Structure formats: C-alpha cells, structure tokens
Amino acid sequence: MRYDFAAIEKKWQEKWDKARIFHAEDHDTRKKFYGLVEFPYPSGAGMHVGHIKAYSGLEVVSRKRRMEGYNVLFPIGFDAYGLPTENYAIKTGIHPRQVTDTNIAKFTQQLRRVGFSFDWERVVDTTEEGYYRWTQWIFLKMFEKGLVFRDTALVNYCPSCKVVLSNEDSQGGKCDICKSDIVQKSKDVWYLRITAYADKLLKGLDDVDYLPNVKMQQVNWIGKSTGAFVNFSLAGTTEKLRIYTTRPDTLFGVTFMVMAPEHPVLDRYRDRIQNAAALDEYREACAKKTEFERTQMNKDKTGVKIEGLCAVHPITGKEIPIYISDYVMMGYGTGAIMAVPAHDERDFAFAKKFGIDIIEVIKGGNVEEQAYTGDGEMINSDFLNGLTDKKTSITTMIKKLEELGVGEAGVQYKMKDWAFNRQRYWGEPIPIVHCEKCGMVAVPYEELPLRLPAVENFAPGEGGESPLAKIESFVNCKCPKCGGDAKRETDTMPQWAGSSWYFLRYIDPLNAECLADYEKLKYWLPVDWYNGGMEHVTRHLIYSRFWHKFLYDIGVVPTAEPYAKRTAQGLILGPDGQKMSKSRGNVVDPNDVVDTFGADTLRVYILFMGDYASAAPWSESSMRGCKRFLDRVAQLAERATGTGVTKELETPFHRTIKKVSSDIEEMKFNTAIAAMMTLLNEIDEVGHLTVTELGTLVRLLSPFAPHLCEEVWESIGGEGFCSLAAWPEFDEAKTVLSTVEVAVQVCGKLKGVVAMPKGADKDTALSIAKADERVAAAIAGKTVVKEIVVPDKIVNLVVR
RNA sequence: GCGGGUAUGGCGGAAUUGGCAGACGCGCUAGAUUCAGGUUCUAGUGGGGGCAACUUCGUGGAGGUUCAAGUCCUCUUACCCGCACCA
C-alpha cells in the first residue's frame, strides 16, 4: 500500500465526520467515559505543537475507550475572553469579536487536521451570549449567597495592562499576561470569597486521583496553618490588638509586637502617638514599594517604634513595645504579630537590629547567637515550664488563653480571596447595578445575558477605568429594585471566569433553561480524566473546583468534585532545548509538520518523544524515525496473507497487546509505541504475518495513528471503522513463551543465558544452568557455597 | 529559606520495582541499491584491552546493605519546578 498520508488523512477525516462516530450520546446505556482537556485560548499566533501534546494523551485514551465499548465524551471549546485579544484589537483596530472568530476558525482548522476525535457538535465558546449568560448567572448566585463582596483595598495592579490582578495572576510579583512588575494600588475591587471554601478545597483532595505534585501544589497554595489568635490589650484603651500565631507555646518569650504599616489601629490612635511624623514617613516609603520589593528584601529589617502606644501581655500583664515594620503583611493573619526573637528568625533579626530583649523559653540553642526553632524543654514560661512536647505546650497554652478569655485556637490560609474584576472590555460584564438608594443590586436573572455592548473604542481609560464606563447607554439604567436612576458596574470578569465551569456546558451546550440539565450532568459527571498544564494548578484548577463546589452546594451539580482524576503533560521545548516562544523564534507550527510528515507521524512522534509528563526538546530527525515506522506498517498491507495465527508471532502479539493496553492507562505512550515497533521488528524477522494479525496490529496502533490504521483496516477488509473496532484482547498465559531465557551468574557476574522451560523448579534450573559450558568452566575446581534461583529470571551461584 | 523533582551512551529515552543496564528511536560507521541528492535495505554501534572466544570498567560523586543495586540506606554535588518575611 502506498502511504499517501495527505490523501488518506483527508479521506478518513471526512468519513468520520459524515458518520458522526465521535458524537457522544446522552443517556446511552453503555458505560460512559468523560475525557477532558484544557480548552485553548485562541490566540492570533495559532496553535503550536505544545497544544497537540496536551490533547494527544487523552485523545489516545478516548479512542481506546471507544474501542473498548464506552460511550465517550471528548469535547473541545474555546476560552476566548481575555487580554491578548483585546490588546491586539486595540493595536489593529479590528474588533475583538472579529479577532476571536478568526482565531477560533484557525484553531479549528488546525485541530481538525490532526484528526482529534473531538465531538465537534458540543463546541463551546465562552464569549458567546448563550454561554456567558450562565457565567453571569453563577456570579449572581454567588452574590445572592454572600460569596461576592466589594472592598477598597490595596491590590495587585499591572500598570502596563491597566488592570487589577488576583493573587493567582501575579505570582512572583510579575503580571501573568505581560510580565511587568506589579504595583500595589488602592482600588475598588470585587472579590469572590474563595477562602470560604479553603477547607473544602483542601479536604476534597482526599477523594480525587490527582498527580501527586498537582495535589501538593494545591495544598501549598491553600496553605492551611493551625495556631491561635491572641488578644493583647493596648495600654490605656479598650482596644484589643489581635494577633495570629502558630506558636502560642512561646507566648512568654514575647518582647515586642509588630504591626503592618497599613494597620488601621495606627490611624485610630493617631492623637496618642508622639512620633506620628516618623511613622507617616515610613508608611509612605512602604506604600511606594512594590509587593515584589517588599518580599524580596528579606535580609535587612526596617521599622519604626511607636512612641506613646504599647501592648499589654495577656498573661503576665507586662508592657510590650510596638513597632511597625513591612515584614508584617496586612494581608495575612491579623496584620499584627507577637514577636518572639528567641525562637523566630525574622523576629530575631529585628530584635538584634533594634536592641530589643531576647527571652529564651525553649532550651536547646544559644538564643543570643541565633533564633532556636527546634524543640526542647520549656523554661521561663510559668505553667508550661518543664514540658518538652511542642504539641502539649500549644494545647495547654490555648486552653489557658480560652480560660482567660484572651484568645482561642485558630486556622489561617495563605490563599486569599479572588480579586474578580478587570477594568477591560473583552470580558463578561459584571451584572450588578449601583443605586444610590439601594446600593449594589443584582441584575434580575431573567435579564441575563447582560450583553457586552458593541463599541468603537475599547482602549482602557488612563485612570484605569473600564472602557465600558464611557458608554452612557450602557452605564445609565434603572435600579431593578426601586426603579430609580442607577448606574451599571462597568468592570468585566477575569478570563478565568468562563473557564471555571466550561466542562459542565459540554454536557448540555445548547440548553437555554439552565447551565446544563441535571439528569445529563448526573449521567456524565464527574469528569473521569482531566489532563492539563501544571501552570493551571494554582489558577484554573483551583478556581473551577471552587465554582463546582459552590454549584454543588446550591444543588445545581450532582458531584462534590468536578474531576475524578487529573494528570499533566510536560512542555515541548524548542530544538535548542529552550522553552518555545515567539521571541526565541523556536516555535513549531503543527500545520508545517502535518504538511511534511502527516498528522499520524506528528501524533506518534509527540507521544514517542519521551515521558508524557516531562519536558522534551523537539527533534525533526527523531520524527523521521516515526514516519519510517508508519511507512513500514503501511507496507504490511501488501505482505499479510492468510488468516489465523503465525506460531512464532503468537507470544509477541499477546505480549504487545498487554503492554500497549496497560501503558496507555499509565500514560506511558512512549513505551507503548516502542512495544509496537518491537513487534514490527519481530514480524520482519519472521517474514510473514496473517491478515488477522495485521488487523490486531492496526487496532492497537489506531489510537495513535488513526488515519493510516483506517486505511489498512479497510484494505484488509476490516468491518466498519477501525476507530470503532473492538480493542484487542490478550491471553495472559500466551504473553510468555513456554521456554524462557534465564541469566546465569557466578558470584554476581553474568556467565551465560540458558533456555529452560517456563516455571522450572530450583533443581531443574540449577542442573540446566550448571550444564552450560561457560558456567561449568567458571565453577570448575571451586566449591559452590550458595545457590540462588529466582524462577524464570536468574540463577546465581556463589563459589569459593 | 521551605516543599517537590531530576541526574543512565554522541542525543531523546527504556529497565516488569532488588534479578541479563542501555529496550525503542535518532545519530554515527561500513556495505548494497541509486546517474546524483534523498529514500530503502543489510551489518555494526557504552568505554578500555584482545585477531578472536573473551575480559575488564560502567547509571552525577563518596560510602554502606545484599548472592545480586540504576533501583534500598547514609552523606554529597549540580540542575529544574513550585511557594516564599505566611507570623
């Protein structure tokens, strides 16, 4: 058979499409499988081979599941709201809607050429009215349940993109979109109270099968810590200075307190503070620093002592000086700490610099030299003295604090609430109306979608306000509650909004009554297997779990967790070993590869490159090897004759079926392909195979190289589509030859390989091994002191 | 600083979990086919030694456990990823 990949691929893509063989049937009686891949952001650059890798893993699994008789849902869509499109639109003057449509068309064409078995009848586009209507609906439900709030706060702000960013979007102090330095800015911010779900998000991880590093990253991001809240009083006031600590056991070691420069107590007691000017100066200097600068300068501690205001120790009643310092953050705990220099490195550094007393309360180190953070016997600590177990000390102290009414056990999370608004045009409008009389009022559900108005100028305002603010017809409206004049919220939602629930919409993409029919959700959920990038683990993955858990709580979805299993693919690096990027000029366009080598070769190569979860550099010459492999498979179509089993090939086939079947489940695609290459080499050595056997080989290979396999399947008279043919089965007993090769060692050195019957007992194995010429020579004249036999594997003779 | 990971030929990577290290592919060498380039085919291909059968060394480094270690233990080096003044 001539392997004309271009013709073959086009032919079968059309046939599949016409026969709708990848269409998922709701409520089908077959077992269901929902395989999900992260839908792409349709950027102007088009797809690169990294996208192909991201989808190829579950593409193979989904194709295998269909052949195993499952009703498979393997959908695709487009996460199309977002800044790059808007920035491109501003630059070129082309409307984002048009840019998006063009890009989606390009992506669709690229995806189809690779022959992915997506259900194209379920495509979702987050920017479509019928879709974002439900994004807004979920937002309003959260508003209704008190999970949405507005606050004026210091936020992460990107001066280049002119938007507020969430904590997740500004990791490392850089803007996630343009990599500019983030600054802190006081703005009106809409928050989603994700912290209310922190514990559920953490606990839910126990019930799902996620890659260990995925799970761990989420655990760290949520950052649960247990400790205690302690109320210190402010001398001469009724005010309590509340702090959070994970080490309440060290309470007797407190020698000073530190407040974040932004702490509100400072303003409340301004009149009592004698050095207000000095404090103001310090506070202003801090405000100018970026979050990045503030967290990076962790060597040299700075701060100012507050004169005229001091705290009172809740147990000893001693007066304790208070400082302000930017090593304490307003955003974590209570924005104030009790400082125990003897047992905390940061407090120690601060105390040394400012000449503050150090009181040792745990024995074990030299606290004049450095902070001791280890365990040891409690001293200088009243009722804790003599205790040596940290846990006991902590619980004893917490009990005491509770008795005295000055503190209690508490939990803190590093995760912060989700800053949810963006001062941009290309996003879902936030469906809230501001009324002078009624305050913030939800747009009634029946008025959804609140449409994004068409505008000419979608550039953001200089003051960082949304482009929508300039459109009077949009802004001015009537209050849904009182009917009076009101103004619409003009900010839009972040890109992550639409992607937080897209996997639900695939289940019922056209529903106009609800986001998805409950019965259909019950049939398809949870997503059985979700594959995506590591970069989304502390963003999209955590956001979408939050939304899903909320929807579960209000009875809209039937499962507590959206994804039963989550894996991640590794990056494809450029041929130079560097991350693929436009600026490096090392990006590989899948269209070019499909043109030269064909889609099947591209697919096989991408999965053959290496471990699916690891990064691997692109190599065109390696890809030629994959092309050669497929060429040789195509040749077999002419060589296969007769039916039934070729004796010499029986074991190789059973072994390969077993290996490929299990490797796919473990995402070890590289070794699955290697096993098929090995089988092909064995076929060539034998020099003959039957049509039956070729049918088995192409069914095994079909998930990887489906077009070629269909063509071969057809040419040998296979029934129906190869893509729907039954997955080959193996007989365990036939995966091993009746004669096995056993290595024989003398004193751990390999002396020979002998053939013996499978399962030979120790005595048989030994006599066969000793009969081997080389082995006999090696033990001649020596005493065998130990004989080790591992059946079917190895014989080791220890001689003296 | 904390947490996680990786290290195997010239290259990408295998190794059924303690049992023949280097599967499979690339590249390379020699030969065949071809007017030539490409393709295809055959043989070889971890290092050292030997005409050879063979021998010896070999999984970042140093020790250890074991009949047997890429795999387990101790120490150590380099790189990658995530978080980072988280109280």
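Nothing here was measured: the structure is a model prediction, and the numbers come from that model. Atom set for the values below is all heavy atoms of this structure, side chains included, hydrogens, waters and symmetry mates excluded. A, B, ... follow the sequence lines: proteins, then strands. Residue 1 opens every chain.
- Here the side chain of A/Ala674 is nearest to one of B/A23, B/G19, B/A87, namely B/A23.
- Under 3.5 Å, the side chain of A/Lys301 and the base of B/C85 form at least one donor-acceptor pair of N or O atoms.
- A salt bridge between A/Glu369 and A/Lys352 is absent, with no side-chain N of the basic residue lying under 4.0 Å from a carboxylate O of the acidic one.
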Quick test: give all pairs of protein nitrogen or oxygen and nucleotides 6-12 of chain B nitrogen or oxygen below 3.5 Å, distance rounded to 0.1 Å.
from  : atom 1 : to       : atom 2 : distance (Å)
B/G12 : O2'    : A/Met609 : O      : 2.5

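- Candidate nucleotides B/G19, B/C85, B/C26 were compared by shortest atom distance to the side chain of A/Met329, and B/C85 ranks first.
- Here the two rings, on A/Tyr543 and A/Trp418, have centers that are under 6.0 Å apart.
- No option in A/Phe354, A/Phe232, A/Tyr323 other than A/Tyr323 meets the ring-ring contact (aromatic ring centres under 6.0 Å, His included) test with A/Phe256.
- Set against B/G25, B/A87, B/C85, the side chain of A/Met677 has B/G25 as its closest nucleotide.
- Applying the side chain to side chain donor-acceptor pair (under 3.5 Å) test to every pair with at least one member in residues 668-679 of chain A, sequence neighbours left out, gives these pairs: A/Asp663-A/Thr671.
- Within the nucleic acid shown, A/Lys668 comes within 4.0 Å of sugar-phosphate atoms alone, with no base atom in reach, counting heavy atoms only.
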N/O contacts under 3.5 Å, protein versus nucleotides 65-74 of chain B?
from  : atom 1 : to       : atom 2 : distance (Å)
B/C67 : OP1    : A/Lys786 : NZ     : 3.2
B/C67 : O2'    : A/Asn796 : ND2    : 3.3
B/C67 : O2     : A/Asn796 : ND2    : 2.5

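- Closest to the side chain of A/Ala743, out of B/C20, B/A87, B/G13, is B/C20.
- Per the geometry, CZ belonging to A/Phe232 stands 12 Å off C1' belonging to B/A87, to the nearest Å.
- The listed nucleotides are B/A84, B/A87, B/G25; the one nearest the side chain of A/Asn681 is B/G25.
- Rounded to the nearest Å, the gap between the P atom of B/A87 and that of B/C20 is 48 Å.
- Here A/Phe229 pairs with A/Tyr244 under the ring-ring contact (aromatic ring centres under 6.0 Å, His included) rule; sequence neighbours left out.
- Among the heavy atoms of the strands, none lies under 4.0 Å from A/Asp347.
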Output a table of nitrogen or oxygen pairs between the protein and nucleotides 37-46 of chain B separated by less than 3.5 Å.
from  : atom 1 : to       : atom 2 : distance (Å)
B/U40 : OP1    : A/Arg628 : NE     : 3.2

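- By the ring-ring contact (aromatic ring centres under 6.0 Å, His included) test, A/Phe704 pairs with no residue at all, sequence neighbours left out.
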